[in-house]
Amino acid sequence: MCGIVGYVGNKKAVDILLEGLTSLEYRGYDSSGVALNIDNKVQLFKAAGKLQNLKDIVNKNYSEISKSTIGIGHIRWATHGAPTVENAHPHSCNCGRVAVVHNGIIENYKELREKLEKNGCTFRSQTDTETVAHLVASKFAQTQDLTEAVRLATKEIEGAYALCVIHQDVKNTIVATRRNAPLLVGIGEKEYYVASDVPAIIQYTKQAFYLDDNQIVTLTPDSMKLIDIENNSISPKIETLPWEPVALSKMGYKHFMLKEIHEQPDVVRNVLSGKLRAIDENITLNEVTLDKDKIKNLNRIQIVACGTSLHAAMVGKYIIEDFCGIAVDVEPSSEYIYRKTITDKNTLVIGVSQSGETADTITAVRQAKSKGSHILIITNRPDSTMAREADSLVPVNAGIEVSVAATKSYMAQLISFYLIAIYIAEIKESIDKKELSDLKHELIVLPQKIEKILAHKEDIQKCSKAFSSSKDFIFIARGINFPTALEGALKLKEISYINATGYTAGELKHGPIAMLDETMPVLSILMSGKVYDKILSNSEEAKARNARMIALTDSVDEKLNELFDNIIRIPEISEILSPALAIVPLQLIAYYIAEFLGKDVDQPRNLAKSVTVE
Ligand code: M6R
């Protein structure tokens, strides 16, 4: 994880670095730091905790610090070593002339550290990154060439990294490199930018290129040199970034999460736009390149994803199996990659990721690709590493999601799965046309139903408050809404730190029911359809153990008032589409409980938005 940014040119480097780090805060917020060359001396400024702490340090000495026109910065999600000032990046060597920022994990850091310590290096931190600073310094001592020092160092490093390096003796120069971690170079007028992600540079330039693995770039205000790890010269593939500078504003909402929950009606409209034109027309998915004969012959689909994207994938399994009659396996990417990859060219492998940078999922799709499978990527970031692995791409167009807890991107992924399933079903003619056009109609009116829920959010707020002192929370559902129960529980635990679990309602009696008593809230996702009566019975079983019962339902049945202490009613919807509606109140419950408890809703502890380490 972590975010890095670098600048060399004629502007005040510290302003650009701090702005850049602000837009990369989604990548981590355990600590931050910058290294600048001030009066021919590399100086480090670091702070534990939120970025504001670093800004406060910089502001105290701003006139001095802002003299520098070259610098590198870092925002950290701790992997090796606690989130302290010592472990904050940039890291330096014994002589203090080198400064390094790093995103990734140096896997052989222990061996490297031992070797460097034997050679007299003294380490100040517990991080894997500090080895790079000492290693580059020792290579520089041999070569007096910073690019060569970095190149030689990377030959000894194992693992994943994006690195930016400056050296006091090499004026106005940044050297940057990467392997299995994203890094792009922005090109300005007599200036260059380096960053982990587009938002850090987009307000300054749209001209940029992505570094490929094992490439090393050397930047000065007047020059840019790109080589590979064998020292061959390379021409960068410069592109115009398809991004507009975005004002990441909360638009009057207290938190980004609440704003993003409210954006969901428009997100649904965006995802459908251009793909679902009319209920009597077939779905168009222009970026799906798998030909129709191959689609007709598909006998298996594997979906890999993590976290919230995994829950969307689980809903996707239900829809695709139901509509297309193709067996679908869903697996967390982190499990998929550590066992035998059984896939082939007749299997479609779908990777789902909001960020497109989740390391486990990237590895999983690469493994599947090496076996000849067609790779379809569903992502909110068509410019991401994962998107570049895709044979077919389904961009979800949710817009930038700032809150660490995914909400609108989940909605966009769900809607994308409906479109993909309908697309395949239309090619395979595996489902009745009337059923498909009914679903298309329901998709088109879905945004209005979400809007209705949002219009009555105060009721959900009241209900949430009543449960905010609970230490534990159980969500139950069956069938297509089992993933909704998992996602509702994940939302609650990640932002309120309440121990929440989603169960299939039928499993409750096989163990978890032992936990129930009058202190335990049980939320039943009770949507009309095949399993309604079954969930009702399971809810009765929970009620008989005195649990505090909450129903989330589209039923208007008055009898539910006897069984449930609280009822959250949502508009009526078909069972197949119900996950896209039922999730909205659960996102709101998580939000309101966390907000009531005074938690850091948008940046919950220990988390980062983009998990770029395995
Ligand atoms: O970017 P991705 O969708 O690949 O990220 C996967 C998970 O890290 C992510 O969904 C995580 O679980 C979120 N914090 C959930 O809110």
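Below, all heavy atoms of this structure are taken into account, side chains as well, without hydrogens, waters or symmetry copies. Order of listing sets the numbers, starting from 1, for every ligand and every atom in it.
Geometric assessment of R178 against the ring of Y210 yields a negative cation-pi assignment under the 6.0 Å and 45° thresholds.
Protein residues having a heavy atom under 4.0 Å from any atom of ligand 1 are C306, G307, T308, S309, S353, Q354, S355, T358, V404, A405, A406, K491, E494, V611, listed by chain and number.
Checking N397 against N270 by side-chain atom types alone, no donor-acceptor pair falls below 3.5 Å. A donor-acceptor contact closer than 3.5 angstrom links the side chains of Q367 and T341.
You'll find the ring centres of Y591 and H255 inside the 6.0 Å limit.
S409 pairs in a side chain to side chain donor-acceptor pair (under 3.5 Å) with only one of the listed residues (R381, E260, Q354, E401), which is E401.
Residues satisfying the salt bridge (Lys or Arg N to Asp or Glu O under 4.0 Å) criterion with K491, sequence neighbours excluded, are E487, E494.
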